[in-house]
Protein chains: 2
Amino acid sequence: MSRQARRFKDATYQLIAEVGRAVTSPRRLELLELLAQGPRTVEAIAQHSGQSVANTSQHLQVLRAARLVEVEREGVRMRYRLADARVTEFCLALRRLAEARAEELGALTRDFLADRGLLEAVDQEELLGRVARGEVLVIDVRPVEEYQAGHIPGARSVPLAELQGRLAELPKRSPIVAYCRGPYCVLAIEAVSRLRALGFRADRLEAGVPDWSARGLPLETGLITRAGGAR
Amino acid sequence: MSRQARRFKDATYQLIAEVGRAVTSPRRLELLELLAQGPRTVEAIAQHSGQSVANTSQHLQVLRAARLVEVEREGVRMRYRLADARVTEFCLALRRLAEARAEELGALTRDFLADRGLLEAVDQEELLGRVARGEVLVIDVRPVEEYQAGHIPGARSVPLAELQGRLAELPKRSPIVAYCRGPYCVLAIEAVSRLRALGFRADRLEAGVPDWSARGLPLETGLITRAGGAR
DNA sequence: AGCTTATTCAAGCATTCACTTGAATGCTAG
DNA sequence: CTAGCATTCAAGTGAATGCTTGAATAAGCT
């Protein structure tokens, strides 16, 4: 191989790897998954991921350098968002590959969920039908902002943080399905766990909004569905 | 978030990132792309990538730990292969993401190719038809073993190394299309460059075998198509 | 202008990584 | 069973990475 060709090849793989490396840090993966829920400010991201603001900022710089996220000034703060849908798709692809490879990942999830008796996640195809027929109340337990940025049609926003105080809005007898950010997000697990302890018939939808939209399924945005709907 | 949930989350992202990290080294990317062409021994891989055998072996260990490649003893040597097709698909996805993100990559390729006037790559859809109609001779310029492991239907094996001595087999007037391992492989570029210098009507197919099969297009294996076909 | 606040930069430290070199392993063939 | 060879392991070095702390920017508000 000519020297020129070798240099070309090296440079090429270098560039590809740079994108890959940005995605290849547990911390940054978490940030990306968080941003897949919707735009956030640095402070919000830092708080959510339990990291220092400076550290979070640095990770965001790395992601930005790889053009995986974009940033926009909003008054006194900076709002980060994913650069485009391909990034989400890529993250999902990576996760799928990891699942296929690492048996441990599946085992880990099963252990964690089995501990709490939350294994049975509701099938997505089935869900839409049940929602449409009013047989089930779907609640979105993520923070309100994420709900507003996009949610499963017909879902009602009941952030986990507010769950305790809004139990009166929930049906005692008919089933409830909770969802959050995806299979590795613990909000819905937590919510279902609490609801069951209180006697509700609650189940968990494994898919989150990113999975949902990646399947080409529709999303609603904006409006808040308050009590009264499927109750 | 509960301490338990945080540990769960950390462990999860850690596992995903481990797979990611394996893919995220320029060197290992090159190895994967090479293995996508077919199984190889350590020595062959080392020689091809211009690395020391020990270093290559170590990279292969990393890939093996991530279950991206498998190894099999064959007499006195070890033969490595990709674990399954998903790995190939993932590499292609990464490359596409990288292309979309890094404008530089496109620029780099363009520069390199423009230097040699090899910009126009032949469209894949069009190609099959032209091959079927016998309007064009497709040559596979990779080493014979890779050709045997799988090639584009109707293509003739003319390894770059043998090109010089086999010019008599090639048509002087009707067009020739050369392909190799993919857009970043330089074999076809080299081949077309030489052929043109000699007055042949040669073009380059940008896609390689991995791209080809990833699109669900058929591959032939084994047989060697010798002179006489589309000449 | 001057002050406040969110974010970023810079320096420093411990850890990890890539590659080299030289020796050890494990297999086959004679 | 032993010689020979492909491959792997182990130790060492220089560079890169992740995280922390403390200071510097930049925009908005008074």
Verdict with reasoning, B:Glu30 to B:Glu33, per side-chain contact (heavy atoms from CB on, under 4.5 Å): CA-CA 5 Å; B:Glu30 187 176 357; B:Glu33 195 140 314; 5.8 Å; no

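- If you check every strand for non-hydrogen atoms under 4.0 Å, A:Gln61 touches sugar and phosphate atoms only.
- A:Glu30 places its CD atom 15 Å from the P atom of D:dG18, with the value rounded to the nearest Å.
- For the atom pair B:Leu163 CG and B:Ile139 CD1, the distance stands at 6.0 Å (nearest 0.5 Å).
- Note: CD (A:Glu43) to C1' (D:dA27) measures 16 Å, nearest angstrom.
- Side-chain atoms of A:Arg28 and A:His59 form a donor-acceptor pair, as typed in the model, at a separation below 3.5 Å.
- When heavy atoms are screened at a 4.0 angstrom cut-off, A:Arg64 is found touching no nucleic acid atom at all.
- In this structure, CZ on A:Arg64 lies 10.0 Å from CD on A:Glu70, to the nearest 0.5 angstrom.
- Looking at B:Leu60 and B:Leu35, their side chains come closer than 4.5 Å, going by heavy atoms from C-beta outward.
- Looking at A:Arg204, its side chain never comes within 3.5 Å of a backbone N or O of A:Cys180 through a donor-acceptor pair.
- At a threshold of 4.0 Å, the pair A:Arg166-A:Glu169 counts as salt-bridged, since one of the basic side-chain nitrogens sits closer than that to a carboxylate oxygen.
- When the nucleotides D:dA11, D:dC19, D:dA26 are ranked by their closest atom to the side chain of B:Gln58, D:dA11 comes out on top.
- When the nearest nucleotides of DNA chain D are assigned to A:Val62 and B:Ala44 by heavy-atom distance, the more 5′-ward of the two goes with B:Ala44.
- Contact annotation: the side chain of A:Val87 never approaches that of A:Val69 to less than 4.5 Å [non-hydrogen atoms, C-beta and beyond].
- In this structure, the CZ atom of A:Arg77 is 12 Å from the P atom of D:dC29, given to the nearest Å.
- Note on A:Arg28: only backbone sugar-phosphate atoms sit closer than 4.0 angstrom, heavy atoms only; bases stay farther off.
- Scanning for side-chain hydrogen bond (donor to acceptor under 3.5 Å, both in side chains) contacts around B:Arg81 gives B:Glu72, with sequence neighbours left out.
- A:Ser52 has no side-chain polar atom (N or O) that falls below the 4.0 Å cut-off from OP1 or OP2 of D:dC19.
- In the 5' to 3' direction, nucleotides of DNA chain C lying under 4.0 Å from heavy atoms of chain B begin and end at C:dC17 to C:dT28.
- Recorded end-axis angle for the helix from C:dA1-D:dT30 to C:dG30-D:dC1 stands at 30°, based on five pairs per end and rounded to 10 degrees.
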